[in-house]
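Presented below is the structure to which this report refers.
Residue numbers start at 1 and run along the sequence shown. Side-chain atoms are counted along with the backbone in the values below, which use heavy atoms only and exclude waters and symmetry mates.
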Amino acid sequence: MNALLSADERAAFERDGVVVLPERFTPSEVDEINAALDELMDEDVPENIREKSSGVVRTAMGLHLRHERFARLVRDPRLLDPALQVLGDVPVYAQQVKVNAKAAFTGEQWQWHYDFATHHHEDGVPEPLALNVHIFLDDVTEFNGPLMFVRGSHCDGPAPTSLDTETTSFDLWTVDADVVGPLAERGGLISPKGPAGTVLLFGDAVVHASPPNMSPWPRRIFSLIVNPVSNRQTTDRRADHFHHRDAIPLNG
């Protein structure tokens with residue numbers, strides 16, 4: 001399969017800050033990834049961050065250092081090739097490797113935010129160049145807490161943020177409603193959905209969020225954040241699983 005973005009997909013990414021790439025991974029591949037994930041989510045380790053209310057795993061981090069299946073996955077051309085196409089084929093490293101999980105009925109929200117704010121404030125990343133490459137590990141529908149993106153919210157540069165340490169168990173630099181509102185009025189919202197195996201690519205400064213999962217169906221999404229080695233972190237304030245200090249290129 002040619003993993004590169006088409007001209008239309010590249011244009012959508014530049015305009016919206018996000019693009020959906022259907023049918024990149026097969027059902028059997030997703031089953032294999034989920035089997036490895038189930039093993040890791042059963043572990044009682046700091047890399048497994050749990051919901052405030054239910055105690056179930058909200059985010060499982062550092063996956064490529066914990067299981068061989070994820071060590072192979074972060075080098076898969078279906079993830080790396082479109083990212084390198086956007087970045088210009090520069091050396092990139094695995095900045096963060098995780099699964100964000102929303103358990104059926106209890107999965108909590110992610111507030112309005114963009115990733116660069118946390119990367120910059122907490123890790124000293126200089127520029128919003130990193131790319132987030134997702135794989136849907138469950139079917140994502142309008143019911144089970146899908147992501148919502150503000151189209152074009154990256155176009156004017158990073159929006160103002162403030163640190164939220166109260167809403168969930170994951171400290172996050174968030175975008176206030178009075179900033180999100182005008183951005184959404186201008187660009188509108190997009191909420192990518194699709195079957196397991198769908199890939200999603202989005203930029204470090206695009207504003208996004210997701211609602212709680214009140215449905216009977218889980219929603220798990222694998223996330224590889226790749227960052228140019230030249231743009232690597234400059235501080236070590238957080239534990240390694242939040243931002244990996246090993247900047248050996250994935251494409252080396």
Side-chain angles (χ1 to χ4, degrees), residues 24-76 78-79 93-111 113 115 118 122-123 132-141 143-147 165-172 193-200 208-226 238-246 248 250:
R24 287 301 199 263
F25 288 80
T26 67
S28 62
E29 288 178 305
V30 172
D31 288 345
E32 183 184 337
I33 295 167
N34 275 325
L37 177 64
D38 288 341
E39 293 179 29
L40 298 182
M41 290 181 74
D42 281 341
E43 297 176 348
D44 186 13
V45 294
E47 291 87 346
N48 288 347
I49 299 168
R50 298 179 181 275
E51 302 276 23
K52 270 190 171 182
S53 56
S54 66
V56 301
V57 175
R58 169 187 180 86
T59 301
M61 308 189 81
L63 301 179
H64 65 312
L65 304 178
R66 300 167 60 191
H67 198 289
E68 185 271 340
R69 183 64 187 90
F70 291 102
R72 287 188 284 119
L73 187 58
V74 298
R75 290 172 171 82
D76 194 297
R78 289 167 290 182
L79 304 181
Y93 69 101
Q95 175 175 301
Q96 196 178 84
V97 182
K98 65 180 184 290
V99 164
N100 285 333
K102 287 181 183 282
F105 295 112
T106 63
E108 295 177 358
Q109 67 169 316
W110 286 88
Q111 313 93 296
H113 69 286
D115 294 348
T118 297
E122 302 296 334
D123 307 319
N132 203 321
V133 194
H134 279 183
I135 308 170
F136 293 176
L137 300 181
D138 295 301
D139 295 346
V140 175
T141 73
F143 303 114
N144 62 348
L147 285 155
T165 63
E166 300 296 329
T167 302
T168 73
S169 56
F170 197 103
D171 294 351
L172 198 62
K193 295 174 281 288
T198 299
V199 166
L200 195 66
H208 59 285
S210 61
N213 180 13
M214 298 174 65
S215 80
W217 303 290
R219 190 228 73 177
R220 294 179 293 184
I221 297 177
F222 171 80
S223 167
L224 165 65
I225 300 180
V226 296
R238 299 197 292 171
D240 182 75
H241 56 268
F242 288 107
H243 191 129
H244 297 294
R245 297 174 187 135
D246 181 354
I248 295 174
L250 296 173

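Looking at residues two or more places apart in sequence or on another chain, you find no salt bridge (charged side-chain N to carboxylate O under 4.0 Å, His left out) involving Arg75. In this structure, the side chain to side chain contact (heavy atoms under 4.5 Å, CB included) partners of Phe105, at least two apart in sequence or on a different chain, are Pro216. Annotation: side chain to side chain contact (heavy atoms under 4.5 Å, CB included) contacts of Asp31 (sequence neighbours excluded): none. Here Thr198 pairs with nothing under the side-chain hydrogen bond (donor to acceptor under 3.5 Å, both in side chains) rule; sequence neighbours left out. Partners of Thr118 under the side-chain hydrogen bond (donor to acceptor under 3.5 Å, both in side chains) rule, at least two apart in sequence or in another chain, do not exist in this structure. Evaluation of the ring-ring contact (aromatic ring centres under 6.0 Å, His included) rule for Phe136 yields no partner, not counting sequence neighbours. In this view, His134 and Phe202 satisfy the ring-ring contact (aromatic ring centres under 6.0 Å, His included) rule, not counting sequence neighbours. Contacts of His113 classified as ring-ring contact (aromatic ring centres under 6.0 Å, His included), with partners at least two apart in sequence or in another chain: His208. In this view, Thr165 satisfies the side-chain hydrogen bond (donor to acceptor under 3.5 Å, both in side chains) rule with no residue, not counting sequence neighbours. For Gln96, the side-chain hydrogen bond (donor to acceptor under 3.5 Å, both in side chains) partners are Lys98, not counting sequence neighbours.
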- Do Leu224 and Leu73 pass the side chain to side chain contact (heavy atoms under 4.5 Å, CB included) test, and can you show the C-alpha distance, the side-chain angles, and the key distance before you say yes or no? CA-CA 9 Å; Leu224 165 65; Leu73 187 58; over 6 Å; no
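Scanning both residues, Ile33 and Leu137, for their nearest heavy atoms gives CG2-CD2, 3.8 Å.
Sorted by first then second residue, the ring-ring contact (aromatic ring centres under 6.0 Å, His included) pairs that include residues 38-69, not counting sequence neighbours, are His64-His244.
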Tabulate below the donor-acceptor pairs under 3.5 Å that side-chain atoms of residues 38-47 make, not counting sequence neighbours, or state none.
unit_1 : atom_1 : unit_2 : atom_2 : d
Asp38  : OD1    : Arg220 : NH1    : 3.0
Glu43  : OE1    : Arg66  : NH2    : 2.9

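Taken from CH2 in Trp217 to CG in Asp138, the straight-line distance is 12.5 Å, to the nearest 0.5 Å.
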